[in-house]
Amino acid sequence: MTAQKIKFFAPYAGLPVICAALLIMRGTSGNWVAIFKLEMLVIFGYFASVYDIKEKRIPNLLVLLMIGAWVVSTVPHLFYDTSAAIESTLEAIIGFATAGILFLLVYIISRNGLGGGDVKLMAAAGLYLGFRNVLPAMLYGALLAGASGLILIVAKKMSLKDSMPLAPFLYIGMMLTIFFL
């Protein structure tokens, strides 16, 4: 990693470490595969948020790595505990499809008001969160983004034509879902 990239991420480096530690402390009934997958979501969501804040985009490579990490962590689980792995994989695929389709519809209806990276990020996050948790994560993220945008507009720090990154709010929604549901 170059010095410029380290400087890019340095101000936010403690967040994924703290979230990962909290996730381990919280535990998920001794299911280490689930803990590992949620830690991966914490890390990938963090990088997506930082990219979205700094560059106003989420790289496709990051989303592909996110999906690849999910596949790599799921395949061994299929051999270790087949019935539980099949059940969690089906829920993950339904979460992927649900988040992807809902955000794609919002992307189409809003005429690019929502970024394509946000659609791909939430679809990939659906793999990690599953169907039961992806909907609350999207709701929390959207509500936080809407409230923040409204406050910034009322404070005259932003106009209706301005854009703001959505990934940090979606990330907070994911974290709220992980830690409190």
Side-chain angles (χ1 to χ4, degrees), residues 15-16 19-20 22-24 26-29 31-53 57-60 62-71 73-74 77-78 83-151 163-181:
L15 183 65
C19 287
L22 288 171
L23 191 59
I24 289 171
R26 174 187 172 253
T28 52
S29 305
N31 187 346
W32 289 99
V33 175
I35 291 171
F36 177 73
K37 286 181 181 180
L38 292 176
E39 285 180 6
M40 295 302 297
L41 178 62
V42 166
I43 292 167
F44 283 117
Y46 159 76
F47 283 120
S49 296
V50 172
Y51 265 106
D52 204 17
I53 290 168
R57 67 180 199 88
I58 300 170
N60 289 335
L62 181 66
V63 176
L64 286 173
L65 288 172
M66 192 174 177
I67 293 169
W70 180 84
V71 169
S73 66
T74 299
H77 192 222
L78 286 167
S83 61
I86 289 173
E87 183 180 323
S88 67
T89 301
L90 288 175
E91 183 173 334
I93 291 170
I94 294 169
F96 174 85
T98 301
I101 291 169
L102 285 175
F103 264 51
L104 183 61
L105 288 173
V106 172
Y107 174 79
I108 292 168
I109 292 169
S110 69
R111 296 186 196 148
N112 299 332
L114 180 71
D118 297 319
V119 175
K120 293 178 266 188
L121 173 68
M122 277 316 294
L127 288 172
Y128 289 88
L129 293 170
F131 176 71
R132 280 184 254 142
N133 292 327
V134 76
L135 294 174
M138 292 183 332
L139 178 65
Y140 296 149
L143 289 175
L144 287 169
S148 298
L150 188 60
I151 291 168
S163 67
M164 65 182 199
L166 183 60
F169 298 104
L170 294 173
Y171 182 62
I172 293 169
M174 289 178 222
M175 295 304 101
L176 288 172
T177 302
I178 288 170
F179 291 118
F180 298 115
L181 287 185

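Counting from 1, the numbers follow the sequence of the chain as shown. Please read these numbers as outputs of a predicted model, since none were measured by experiment.
Looking at Lys37 and Thr74, their side chains do bring a donor and an acceptor atom within 3.5 Å of each other.
Pairing each heavy atom of Phe44 with each of Leu62, the nearest pair is CD2-CD1, 3.7 Å. Closest approach of Val119 and Gly100 over heavy atoms only: CG1-O, 3.9 Å. Of all heavy-atom pairs between Ala84 and His77, the closest is C-CE1, 4.3 Å. Residues Ala167 and Ser49 approach most closely at O-OG, 3.4 Å, considering heavy atoms. Considering all non-hydrogen atoms of both residues, Phe36 and Ser73 come closest at CE2-CB, 3.7 Å.
A heavy-atom distance below 4.5 Å is not found between the side chains of Met40 and Trp70. Residues Tyr46 and Leu41 form no side-chain contact, since every pair of their non-hydrogen atoms from C-beta on lies 4.5 Å or further apart. Considering only heavy atoms from C-beta on, Leu114 stays 4.5 Å or farther from Ile109 through its side chain.
Here the straight-line distance linking atom OG1 of Thr177 with atom CG of Leu170 works out to 10.5 Å at 0.5 Å rounding. Distance CD1/Ile67 to NZ/Lys120: 10.0 Å, rounded to 0.5 Å. Between atom CE of residue Met164 and atom CG of residue Leu166 there is a gap of 7.5 Å, rounded to the nearest 0.5 Å. Atom CE of Met175 sits about 8.0 Å away from atom CG of Leu38, to the nearest 0.5 Å. To the nearest 0.5 Å, atoms CE (Met122) and OG1 (Thr98) are separated by 10.5 Å.
Side-chain N or O atoms of Tyr171 include one that pairs as donor or acceptor with a backbone N or O of Val42 at under 3.5 Å.
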Considering only distance and modelled atom types, tabulate donor-acceptor pairs under 3.5 Å from the side chains of residues 132-151, sequence neighbours left out.
unit_1: Arg132; atom_1: NH2; unit_2: Glu91; atom_2: OE1; d: 2.6
unit_1: Ser148; atom_1: OG; unit_2: Leu144; atom_2: O; d: 2.9

Carefully, step by step, assess Phe47 and Asp52 under the rule side-chain contact (heavy atoms from CB on, under 4.5 Å).
-> CA-CA 8 Å; Phe47 283 120; Asp52 204 17; over 6 Å; no
Evaluate side-chain contact (heavy atoms from CB on, under 4.5 Å) for Val106 paired with Asp118, printing each intermediate quantity in order.
-> CA-CA 11 Å; Val106 172; Asp118 297 319; over 6 Å; no
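The only option from Leu127, Ile58, Ile43, Leu121 that meets the side chain to side chain contact (heavy atoms under 4.5 Å, CB included) definition with Met66 turns out to be Leu121.
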